[in-house]
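Letters go in sequence order (proteins before strands), and every chain restarts at 1.
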There are 2 protein chains.
Amino acid sequence: MNLSIAEENYIKSIYKLEEEGQEAVSTNALASELDTKPASVTDMAKKLKEKKLIEYEKYQGINLTADGKKAALSIIRRHRLWECFLVDKLAFSWEEVHELAEELEHVRSEKMTNRLSEFLGNPQIDPHGDPIPDAQGKMGKPRAHTPLHKTKAKRLEVVAVSDKSTALLEFLNAKGIRLGTQLDVIERYEFDNSIELKIRNQPAFTISEQVSKNIMVKPI
Amino acid sequence: MNLSIAEENYIKSIYKLEEEGQEAVSTNALASELDTKPASVTDMAKKLKEKKLIEYEKYQGINLTADGKKAALSIIRRHRLWECFLVDKLAFSWEEVHELAEELEHVRSEKMTNRLSEFLGNPQIDPHGDPIPDAQGKMGKPRAHTPLHKTKAKRLEVVAVSDKSTALLEFLNAKGIRLGTQLDVIERYEFDNSIELKIRNQPAFTISEQVSKNIMVKPI
DNA sequence: CCTTTTATTTAGATTTACCTAAACTTTATT
DNA sequence: AATAAAGTTTAGGTAAATCTAAATAAAAGG
């Protein structure tokens, strides 16, 4: 199956929205994810259905077929491996790599992808904590799922960040939060769902619900 | 200046044909280099002229402007650095990397390009022996220029290969010819311009003019 | 120098991936 | 259940990069 860059981007976004729990991905949701218009999504949906990569009926939303899922995992694999490359080998920081990987991911060569993986030591997670599918399209573990704002635990470790925008990642950098950082929850404020945190001996600080939603943690 | 992939490919090809000695690059030559039709070239020529990357008058052929040359060198730099990466780090052989680099070269990020260069140890030549322009767009030396079929010398060293097609490179692989290989010319046959060669102690073999044209050498 | 050949350009279509505006479904609300 | 609101699709259009076929210009040959 030979996909255009646009088609790959649609597949990737559909996969993402399905992962986030949407039973069937709506035209609107996909349009806003891809920063395009609903009418364009309808057009593309017809094309991807033709190619048997999605299930789609008028007004009923979109789901990936098995083939579509396979394609998505292949794109995600390439994306995350390039992110590792940029961080591990070219010394980029985690907030810089998403956009570049968006471009590099579209160079389709299984041989290159597999050699890149090997060169990087077959990494299991990317710089944002997301698991990297293997050459067969198997995703290690299904990504760390507990966002900080839904945990009760007091001592936590950051395992992933779900929003890859430069803005959020730079904010986290500034606060000293990165992958593996240990957090102590000092206080949860009901009225705005903000959370007061502390890292080791550093002074405490507060983060909004917006932020805590995007920090995936596990108790320690 | 933001160029599309198509525009970048035109710029690169114009640069190549100018290098090969064409005073003004003809519509036909460019069309066949890019494997497209003359009519398409005319269309694109108008656009690139608009962007001040080429000089172009109807029926008069095409030349790069200073800006066009700068753009070309930037693309070539990216192309050749990725070729080095693929060969040095991912263990590809020289006949496999051209196509992949054609795609990777279109990811435009000066920061990434410069870091890639540094990561590779700021290489001066790519796996085919072509010089790599530096970050300022300066090309080390102007590529080794003597094709094997034009030399009189008997003892030679291979310094570059001008045709990057898989076919030629695989043929050279099979014969044991690679960058730095030392050749002894046994005989030159006038009637078809073929050349009989020997490498060290191996048995002699003959190559056609087609091939010898594309092997750049220096006497030793 | 005139004619033929070759090279180049124009005109008009096509494809992909978009868009806007209008029409139509579905869902939510009273 | 009727109607309003929200979501989705259709219809028709645009821009980029192609193409074919026809027209035109330049070069080559007698």
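Computed from coordinates, the B:L30 CG to D:dT18 P distance equals 11 Å when rounded to whole Å. Distance CG (A:N28) to P (C:dT26): 15 Å, rounded to an integer number of Å. The distance from atom CE of B:M44 to atom C1' of C:dT8 is 17 Å, rounded to the nearest whole Å. One can place CD of A:Q22 at 12 Å from P of D:dG7, the figure rounded to the nearest angstrom. For B:N2 and D:dA16, the CG to P distance is 13 Å, given to the nearest whole Å. Rounded to whole angstrom, the span from the CD1 atom of B:I62 across to the P atom of C:dT9 amounts to 8 Å. Between the C1' atom of C:dC18 and the CD atom of A:E7 lies a distance of 14 Å, rounded to the nearest Å. The interatomic distance linking B:K49 (NZ) with C:dT9 (P) rounds to 11 Å, in whole Å.
Scanning for side-chain contact (heavy atoms from CB on, under 4.5 Å) contacts around B:E99 gives B:T166, with sequence neighbours left out. Remark: A:H98 pairs with A:H79 by the ring pair (Phe, Tyr, Trp, His ring centres under 6.0 Å) rule, at least two apart or across chains. Qualifying salt bridge (charged side-chain N to carboxylate O under 4.0 Å, His left out) partners for A:E8, counting only residues two or more places apart in sequence or in other chains: A:R78, A:R108.
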Margin query: Using side-chain contact (heavy atoms from CB on, under 4.5 Å), reason through B:T146 and B:K218 one step at a time and then give a plain yes or no.
Written below: CA-CA 7 Å; B:T146 334; B:K218 70 172 187 205; over 6 Å; no
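Here A:T42 does not reach the OP1 or OP2 of D:dT10: none of its side-chain N or O atoms lies under 4.0 Å away. OP1 or OP2 of D:dT18 sits under 4.0 Å from a side-chain N or O of B:Y10. Between A:K37 and D:dT9 there is no side-chain polar atom (N or O) within less than 4.0 angstrom of OP1 or OP2. When the side-chain nitrogen and oxygen atoms of A:K46 are compared with OP1 and OP2 of D:dT10, one or more of them lie within a distance under 4.0 Å. Put simply, A:Y56 has no side-chain N or O that comes within less than 4.0 Å of OP1 or OP2 on D:dT8. Put simply, B:T36 has a side-chain N or O that comes within less than 4.0 Å of OP1 or OP2 on D:dC19.
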Give me the distances for all protein-to-nucleotides 24-26 of chain D N/O pairs that come in under 3.5 Å?
from	atom 1	to	atom 2	distance (Å)
D:dA25	O4'	B:Y59	OH	3.3

Pairs under 3.5 Å (N/O, protein and nucleotides 12-16 of chain C):
none

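Below 30°, between 30° and 60°, or above 60°: for A:W94 and A:H128 the angle between ring planes is below 30°, a parallel geometry.
Nucleic acid contact for A:T27: sugar-phosphate only, since backbone atoms but no base atoms lie under 4.0 Å from a heavy atom of the residue.
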Which pairs would a plain distance check flag for residues 112-125 of chain B, meaning a side-chain donor or acceptor within less than 3.5 Å of a matching protein atom at least two apart in sequence or in another chain?
from	atom 1	to	atom 2	distance (Å)
B:T113	OG1	B:S109	O	2.8
B:N114	OD1	B:R77	NH2	2.7
B:N114	ND2	B:E110	O	3.3
B:R115	NH1	A:L90	O	3.0
B:R115	NH1	A:A91	O	2.6
B:S117	OG	B:N122	OD1	2.6
B:Q124	NE2	B:N122	O	3.2

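Using a 4.0 Å cut-off between charged side-chain N and carboxylate O, B:K12 and B:E105 make a salt bridge.
At a threshold of 4.5 Å between non-hydrogen side-chain atoms, the residues A:L48 and A:Y56 do not count as touching.
A donor-acceptor contact closer than 3.5 angstrom links the side chains of A:D192 and A:S194. One side chain, B:D163 or B:S165, offers a donor N or O that lies under 3.5 Å from an acceptor on the other.
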